[in-house]
Amino acid sequence: MSVRGPRPHTLRRSRDVLLALAGSDFRVRYGRGPLRIVKWLLDPVAALGVYLLLVALVLDRPGRAPGLSIACAVVPFQLVMMTAVNALRCIESRRTILLNLAIPRGLLPLASTVTESVAFAAALTMPFVMMIVYGVPLTLSVLWLVPAIAITVMLAAAIAYPAALLGLWLPELSAFFVSVVRALFFLAPGLVAYDTISGEGHRLLPINPLTGLFETYRAALYYGRAPAAWELLVPLGAAAAILAVSVPLFRREQPHLAKIVTGGR
Amino acid sequence: MTPRIAATGLGVRFDFDRQQRVVSPTLRRLRRRGTTTWGLRDVDLNVQGGEGVALIGPSGSGKTSLLRAIAGILPADAGTLAVDGRVGSMLAVEGGLFGALTGRENARSLGVLAGLGTDAARSIAGELGERARLGAAFDRPVATYSEGMRARLGFAIAESARPEVLVLDEIFEALDHEYRRVVEEHARALRAEGGIVVVAGHDHEALGRICERAVALHAGRIVADGPFAEIVEAYRGGV
């Protein structure tokens, strides 16, 4: 008996298409020339700076190493958020390609995730900068970043598929969807760590998959300990559940994408 | 494999919601009110290797929908469509080009999307710039290109994946006379090698130079199919 694996040329083709889509997206965003590296590195600093100013100055709740605590939430959240924003317009922005070439359309939301993951790679330097600034020592727990990053990318990909469908079906609700994703950040321990929250909030916040995600980053970098099982499993389970529903739905819609963007012409 | 196109009872349907936006069949089922239009209906078409077929008809007759169906861009909602052979398509002058990217960057990116591997697309990018006769403009953003320059680049990319079935939609209108000859020569060479060319447009003289057969469409249906000169004459007489 012989066992056949997936056809390598099909996998290679998917990889090539994914990189071509994400690469062009990335070039459009950051331009070309040496300045694009600066833009790439500055984007996450700006996002983190806003929240840091809010907590340390406006709300006056700095706590211990607030920049690091916030970075542990903002950095993974930026990937989820930016992927959602990118995926909402991933079909419309590739309108001319969809009308001209028979590309593997199921990869479009994933290409949004890849593009934003490259931006996320720059943002990942921020927690380490904060550790140096606050003198927080690096421990072996930093290795927990590997599963944390994998879960973040998976959650971002999971959000990308329903976002792409929403951008296709109900584009007028795009702003509302972005607000919902942003609300999830504030319904999680984004600005302050989970262990500083008490009462009903402490009991309910773990339902939000972002809570476990943020706390996993904090466990690895801020507390220097292994994350609790629920901190890994809740976001992982949420990502798997969303993917299980949205990917088959997207696959069913994808043959009709060109039809929809033509507007019937 | 010999290139071949075989369509039987082919239909492509567009569902609209109450606001006259095209919706997918899934959404159409959820939204009770709406209308349906057939972009193509009961299309029977057989094209064998070596043939050149011109699609003629007024705007909105279904030429572009048929080309998109052959290119695998629109699904068959009714009937069957089988296309054997590697398809190369240029169905709009912009041909998927990103205005913010340079010609070279577009050639690399679209080369991959058209079917080339990453390395192959990178290695032939420079050659595509020469074939498209873009000169120094190849390293400038495509947004600065004229329609003709875009069409030349788009065509060079479409032919880069060495298609066996080439589908072209109204590109002659955007090209200068010199590059028209390039496209015509390429189309004739492809047919001589056993490939298929299906081309739509309103420049019947140009179509006649690469196609011996014409298919006339009206309201999404094939109304005539036969020798080019005969069909075009009948079409002109009826317009």
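Excluded from the calculations below are hydrogen atoms, water molecules and symmetry mates; all remaining heavy atoms, backbone and side chain alike, are included. Proteins get letters first, then strands, A, B, ... in listed order; numbering begins at 1 in each.
- For the set B:Leu110, B:Leu97, B:Ile73, B:Thr118, the entry with the most heavy-atom pairs within less than 4.5 Å of chain A is B:Ile73.
- Looking only at heavy-atom pairs under 4.5 Å with chain A, the residue among B:Leu27, B:Asp15, B:Asp77 that has the most is B:Leu27.
- By number of non-hydrogen pairs under 4.5 angstrom with chain A, the leading residue of B:Ser59, B:Gly99, B:Ala100 is B:Ala100.
- Residue B:Val112 touches chain A through both its backbone and its side chain, counting heavy-atom pairs closer than 4.5 Å.
- Distance check: B:Thr35 OG1 to B:Arg28 CZ gives 7.0 Å after rounding to the nearest 0.5 Å.
- Here B:Ser89 is the residue among B:Ala158, B:Ser89, B:Gly72 with the most heavy-atom pairs under 4.5 Å with chain A.
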*What do the steps show when you test B:Glu164 against B:Ile196 for side chain to side chain contact (heavy atoms under 4.5 Å, CB included), and what is the final call?*
CA-CA 6 Å; B:Glu164 293 157 307; B:Ile196 290 174; over 6 Å; no
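- With chain A as the partner, the residue from B:Val87, B:Thr102, B:Asp17 showing the most heavy-atom pairs under 4.5 Å is B:Thr102.
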*Under the side chain to side chain contact (heavy atoms under 4.5 Å, CB included) criterion, do B:Thr26 and A:Glu253 qualify, and how do the steps go?*
CA-CA 7 Å; B:Thr26 307; A:Glu253 291 296 276; 2.6 Å; yes
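- Atom CD1 of A:Ile159 sits about 9.0 Å away from atom OG of A:Ser246, to the nearest 0.5 Å.
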*Go through the steps to decide whether B:Leu91 and B:Thr64 satisfy the test side chain to side chain contact (heavy atoms under 4.5 Å, CB included), and finish with yes or no.*
CA-CA 8 Å; B:Leu91 302 177; B:Thr64 302; 5.5 Å; no
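- Note: B:Phe155 and B:Tyr179 have perpendicular aromatic rings, judged against thresholds of 30 and 60 degrees for the angle between ring planes.
- Residue with the most contacts toward chain B among A:Leu99, A:Val17, A:Leu21: A:Leu99 (heavy-atom pairs, distance under 4.5 Å).
- When A:Asn100, A:Leu249, A:Leu168 are compared by the number of non-hydrogen pairs under 4.5 Å with chain B, A:Asn100 comes out ahead.
- With chain A as partner, the option from B:Ala92, B:Gly60, B:Ala71, B:Pro25 having the largest number of non-hydrogen pairs under 4.5 angstrom is B:Pro25.
- For a residue to count as touching a neighbouring chain, one of its non-hydrogen atoms must lie under 4.5 Å from one of that chain's; by this rule A:Leu165 does not touch chain B.
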*Using the side chain to side chain contact (heavy atoms under 4.5 Å, CB included) rule, take A:Arg94 and A:Arg105 through it: C-alpha gap first, then chi angles, then the decisive distance, then the call.*
CA-CA 10 Å; A:Arg94 297 196 169 92; A:Arg105 290 161 279 212; over 6 Å; no
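- Within 6.0 Å of NE2 on B:His218 lie no more than 12 heavy atoms contributed by other residues, nucleotides or ligands.
- With a 4.5 Å cut-off on non-hydrogen atoms, A:Leu257 does not touch chain B at all.
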